[in-house]
Amino acid sequence: MPRDFFCRDPVTLAVDLLGKLLVHESPEGRTSGIVVETEAYLGREDRASHGYGGRRTPRMEPLYGPCGRAYVYVVHGRPLLNVVAGPPGEPTAVLIRALEPREGIELMARRRGVRVERASDLKKLCSGPGRLTQAMGITREHNGVDLVEGPLRFEDVGYEVREVVRRPRVGVDYAGEDALRPLRFYVAGSRFVSRR
DNA sequence: TGTGCGATGTCCT
DNA sequence: GGACATCGCACAT
């Protein structure tokens, strides 16, 4: 996707990322999946956002950088993939929470350490923000990489999203009122959405 | 140099 | 539905 696609407010971007194909061409092989669940983080005004109140640390630099780059940070020992949104310079981002696996199922299963023997096992691969990074081979080394061009990128493959569901975000209870805001988005009816 | 804590996942009941 | 493993940060000493 072109730079302009990412340089929009995080809510719009979170919705429009649904249905796009996330591709990673790594030395181990190619993996990809359709984005089916996202969350918007609104930056300075959003208590759940790392950028709340303009907070800024060396690790967070990509969050303040150009839109369309990755902001990867580790929580509970697992890397999470965020896409830096607009407007440029604001610490806004979209968290990728779940994918519908498409290419490289075997490689994903190997990275995840699970066996895929029936269709229902596919949910174990990318249904969760920490799961999908592991399956796709995304590590904290990807913090700051450009997603417009390069081995890790989003592509429009014509996937039609019929209906989008809005819900409060997951795991941000500490954020008070902001925890109640419906900033989690997922494809209605997708069985690859993370539970909870 | 030390300490606390998650934008989680998994296993167990 | 609940316990806990986990580990890199951020911030306090």
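- Side chain of A:Tyr64 to backbone of A:Gly54: a donor-acceptor contact under 3.5 angstrom is found.
- The closest donor-acceptor contact from the side chain of A:Arg153 to the backbone of A:Glu25 lies at 3.5 Å or more, if one exists at all.
- Figure legend: cation-pi geometry between A:Arg3 and A:Phe6 absent, as NZ or CZ is not positioned both under 6.0 Å from the six-membered ring centre and within 45° of its axis.
- For the pairing with A:Met108, the side chain to side chain contact (heavy atoms under 4.5 Å, CB included) check across A:Leu99, A:Leu132, A:Leu125 returns one residue only, A:Leu125.
- Within 4.0 Å of A:Arg56, counting heavy atoms only, lies no atom of the nucleic acid at all.
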Pair pattern of DNA chain C in dot-bracket, where unpaired bases get dots and | marks partners in another strand, Watson-Crick or G-U under 3.5 angstrom: |||||.||||||.
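- Checked for salt-bridge contact, A:Glu100 and A:Arg191 miss the test: no charged N lies under 4.0 Å from a carboxylate O.
- Checking A:Arg112 against A:Gln134 by side-chain atom types alone, a donor-acceptor pair falls below 3.5 Å.
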Would you tabulate the nitrogen or oxygen pairs shorter than 3.5 Å linking the protein to nucleotides 3-6 of chain B?
residue : atom : partner : partner atom : Å
B:dG6   : N2   : A:His76 : N            : 3.2

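- Residues from residues 57-71 of chain A that place a heavy atom under 4.0 Å from any atom of DNA chain B: there are none.
- A side-chain N or O of A:Ser194 and one of A:Arg97 form a donor-acceptor pair less than 3.5 Å apart.
- As judged by a 4.0 angstrom heavy-atom cut-off over every strand, A:Arg112 is placed among residues touching the sugar-phosphate backbone only.
- Ion pair A:Arg8/A:Asp16 flagged as a salt bridge, since at least one NZ, NE, NH1 or NH2 atom sits closer than 4.0 Å to an Asp/Glu carboxylate oxygen.
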